[in-house]
Amino acid sequence: SIVVEDDRTGLSITTLKRAIADNLFYNQGKFPTIASKNDYYLALAYTVRDRLVHHWLNTVQTYLKQEVKVVCYLSAEFLMGPHLNNNLINLGIESRIRQAVEELGLDFQELVDQEEEPGLGNGGLGRLAACYLDSMATLEIPAIGYGIRYEFGIFDQEIRDGWQVEITDKWLQYGNPWEIARPEYSVQVNLGGHTETYVDRDGNYRVRWLPDRVIKGIPYDTPIVGYQVNTANTLRLWKAEAIESFNFQTFNIGNYYGAVNEKIYSENITKVLYPNDEQLQGKQLRLEQQYFFVSCSLQDMIRLHLSTGNSLDTFDGKFAIQLNDTHPAIAIAELMRLLIDERFMDWEQAWSITEKSFGYTNHTLLPEALEKWSLELFNRLLPRHLEIIYEINRRFLDRVRIKYPQDNDKLARLSLIDETGARYVRMAHLACVGSHAINGVAELHTHLLQQTVLKDFYQLFPEKFSNKTNGVTPRRWMVLSNPRLTKLICSKIGDSWIKNLDELRKLEQFVDDSAFCQQWQQIKQEVKQDLAIRIRQRTGIIVNPNSLFDIQAKRIHEYKRQHLNALHIITLYNCLKQNPNLDVIPRTFIFGGKAAPGYWMAKLMIKLINSVGEIVNQDPDICDRMKVVFFPDYNVTNAQPIYPAADLSEQISTAGKEASGTGNMKFSLNGALTIGTLDGANVEIREEVGAENFFLFGLTAAEVQQLKTKGYNPRDYYNSNPQLKAAIDLINSGFFSHGDTELFKPLTESLLNYDPYLLFADYQSYIDCQKKVSQAFRDRANWTKMSILNVARMGKFSSDRAIKEYCRDIWNVAPVPIELED
Ligand SMILES: CCc1ccc([C@H](C)CC(=O)N[C@@H]2O[C@H](CO)[C@@H](O)[C@H](O)[C@H]2O)cc1
């Protein structure tokens with residue numbers, strides 16, 4: 001068994017202080033007088049890492065010994081956020097470390113703020129993967145997160161003159177103490193070239209792939225410690241490198257650049273995260289990224305499986321592979337290739353193993369987000385996989401033809417190949433045919449999937465479909481982000497709610513406890529003051545912590561309707577300008593979110609918000625009754641102080657467009673009340689917290705469909721609603737753009753002529769609902785009651801509940817408790 005020196009795992013304050021000093025000296029090679037803050041952060045990080053390696057190695061050893069079934073979560077994105085504080089909380093050593101650091105004369109928060117967050121994701125999908133890793137470890141579920149170690153993650157956002165500016169995310173520039181490189185587990189990945197058939201020595205026809213590029217994949221492992229358990233699972237992220245990083249011959253003949261060509265070309269694959277959220281770009285490099293990490297991961301699983309003496313026919317009994325959207329869906333064809341071409345399994349057995357191994361989660365209904373790759377690109381990059389996909393399709397359509405004879409339309413709709421235009425491979429269809437389970441991420445979303453985008457598949461194999469409503473980890477989004485509220489809740493109901501969120505319901509009994517309500521309100525006030533300070537530091541804007549904090553924080557997208565929020569702000573502004581003595585509840589409108597660099601309309605929405613803010617924030621008639629803030633660089637680190645500070649959570653997407661949302665859950669779990677449409681998980685949040693504790697507005701998904709079918713003319717709403725007209729006209733007048741009447745034309749014209757996300761149709765309902773919000777906020781005592789009831793009834797939205805459902809319905813895996821051996 002592994003012998004570990006105590007001083008590297010000791011938790012006494014003196015041992016911790018010595019460990020930090022030792023790591024500074026031996027790891028950083030620094031002594032205090034010359035050490036930078038980052039040196040101390042790294043010394044602290046290595047000290048903490050020492051205390052979780054024990055968990056990690058015991059976990060791996062137990063899994064190998066017990067030959068457990070492992071969940072493999074394949075995701076092109078993992079939005080992990082900063083590790084230090086999360087690891088301290090999950091290890092239960094935060095207070096000790098904080099004391100040791102302070103006794104060394106250091107500022108704990110300053111060291112925490114040193115960490116560059118690994119921004120290896122865009123938004124919801126990537127963050128969900130991170131929350132699920134935390135829950136799987138906390139529930140002692142054997143799991144490996146497989147993804148891409150991008151050298152540059154999601155860009156950092158600066159706002160200059162109201163415009164978004166993208167800054168390269170150099171998150172690795174000072175090193176990453178939380179990962180360990182595992183070059184010994186490197187694998188090779190083929191690309192391009194052609195295939196040829198041959199007859200093997202037993203006379204069987206076989207196919208071999210002759211690639212024209214071979215890339216090396218190197219895994220980097222990050223431990224994922226569970227909360228108050230001994231389990232530490234693994235996040236294995238792959239980096240691409242050249243097989244030969246330096247070609248001496250080429251160099252010798254003086255072609256210096258040629259000598260490193262392969263190196264640059266290969267490393268490009270994991271160079272940068274595509275910053276698009278819900279927009280397909282169809283770039284070759286994106287497909288290369290997807291295939292690269294998928295092939296590395298499957299080869300790694302096969303190596304692990306064979307290393308324990310198992311044979312491949314039990315592969316699906318040992319691995320439950322979840323596809324996080326279609327981004328890793330090529331895995332289905334790749335597993336077939338590895339089993340048939342490299343392990344000489346016959347098609348039928350390989351297919352049965354494949355279908356049983358995979359589950360597919362869909363995260364979006366937006367047609368522009370559904371991935372399809374041209375046959376030309378596929379054939380050029382992955383010729384063998386295209387052959388396999390054709391064969392999968394042939395066999396699949398044969399089965400369809402039996403069930404639906406003469407229904408060629410259905411055949412065409414179901415086919416893995418889109419025969420229109422350049423002809424494409426439909427990755428969602430490959431995922432559906434090659435998986436034994438298909439799920440949406442909220443009840444409404446799963447219903448719409450079954451009734452629209454995947455209707456034909458639902459009719460074909462309804463048994464594959466299930467719903468798995470998203471969840472969020474209460475560790476990062478309550479314990480870490482809102483320690484004050486956590487302390488108050490624990491003082492009333494103990495701390496077991498952190499691992500069993502349904503216990504929050506016990507808070508209901510305190511809703512009439514005025515002392516408790518007072519404390520609840522006080523904490524919200526303090527958290528708002530903290531955010532007000534950060535806002536001042538980041539934007540220079542002074543906000544009033546006593547005002548209603550009305551927050552919309554998420555990626556910028558027309559379907560999320562940040563511009564509808566802006567229309568409310570302009571409408572309220574117009575009201576106050578027309579009637580300065582109007583008694584309104586002071587409001588601070590806070591926005592946060594990045595726009596995909598190529599998404600012009602989203603960038604214009606950011607500019608509009610900042611332009612409106614510039615005018616409103618300086619208008620003496622408004623005198624601080626309204627403030628508009630665009631908080632820059634919205635990421636996990638900045639989200640942590642934002643969610644707890646909200647009074648009102650804006651979840652205002654067009655019904656039927658937001659698959660689930662997870663920010664809605666984080667706001668509500670931190671005591672915010674929600675104003676929202678019946679979209680995504682808003683529907684279930686409202687069901688849980690009670691309609692009386694939710695500010696509902698807008699058309700339902702069915703009404704949206706009806707209106708579109710009937711024919712929607714946004715200009716009718718503009719002409720018939722003076723307030724709406726006034727708001728749009730004010731934008732068009734150049735009032736918010738220094739007289740430039742052209743700047744926002746693309747946005748207002750799109751609304752007046754198309755309004756694809758029905759802002760005008762929902763405008764009045766939204767404005768009326770916002771009035772109800774202001775009215776409700778006047779009665780602080782009642783608002784606090786609603787806030788407490790919101791938190792008390794949000795137990796369902798823990799990622800632990802979601803993971804338990806995946807384990808029960810899709811993965812068929814059981815917890816494996818870990819004993820810590822000395
Ligand atoms: C091809 C480009 C691309 C990139 C990312 C995506 C993701 C699926 C977008 C995403 O993050 N979707 C969000 O997933 C969350 C987790 O399930 C949901 O809560 C959000 O509603 C959904 O928008 C689609 C297409």
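Whatever order the structure lists ligands and atoms in, that order sets their numbers, starting from 1. Nothing here was measured: the structure is a model prediction, and the numbers come from that model.
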### Of all pairs that satisfy salt bridge (Lys or Arg N to Asp or Glu O under 4.0 Å), the ones with a partner from residues 647-656, not counting sequence neighbours
Lys528-Asp647
### Message
Any nitrogen or oxygen of Asn276 lying under 3.5 Å from a nitrogen or oxygen in ligand 1? Just yes or no.
### Response
no
### Query
Which ligand 1 atoms does Asn470 reach within 4.0 Å, using its non-hydrogen atoms?
16 (C), 17 (O), 18 (C), 19 (O)
### Task
Give a yes/no verdict on whether any heavy atom in Asn122 is under 4.0 Å from an atom of ligand 1.
no
#### Entry: Distance filter under 4.0 Å to Asp325 heavy atoms, resulting ligand 1 atoms
8 (C)
### Message
Distance under 4.0 Å to a non-hydrogen atom of Ala659: what atoms of ligand 1 satisfy this?
### Response
21 (O)
### Mutual orientation of the aromatic rings belonging to Tyr806 and Trp811 [parallel < 30°, tilted 30-60°, perpendicular > 60°]
parallel
### Task
Tell me yes or no: between the side chains of Gln164 and Glu158, is some donor less than 3.5 Å from an acceptor?
no
### Task
State whether the side chain of Asp169 and the backbone N or O of Gly153 hold a donor-acceptor pair below 3.5 Å, judged by distance alone.
yes
## Note on the structure
The atoms of ligand 1 lying under 4.0 Å from a heavy atom of Gly661, numbered in the order shown, are 18 (C), 19 (O), 20 (C), 21 (O)
### Message
Suppose I only count heavy atoms of Tyr559 and a 4.0 Å limit; which atoms of ligand 1 are within that range?
### Response
23 (O)
### Query
Which pairs pass ring-ring contact (aromatic ring centres under 6.0 Å, His included) with one or both residues in residues 637-658, sequence neighbours excluded?
Trp477-Tyr643, Tyr643-Phe667
#### Entry: Tyr634-Gln157 side chain donor-acceptor pair, cut-off 3.5 Å
no
### Message
Ala369 versus ligand 1: do any nitrogen or oxygen atoms come within less than 3.5 Å of each other?
### Response
no
### Task
Just go through Lys560, Glu658, His327, Lys283 and tell me whose heavy atom is the nearest to atom 5 (C) of ligand 1.
His327
### Task
With side chain to side chain donor-acceptor pair (under 3.5 Å) as the test, would you mind laying out the steps for Ser415 and Asn393 before giving the verdict?
CA-CA 7 Å; Ser415 176; Asn393 201 31; 2.9 Å; yes
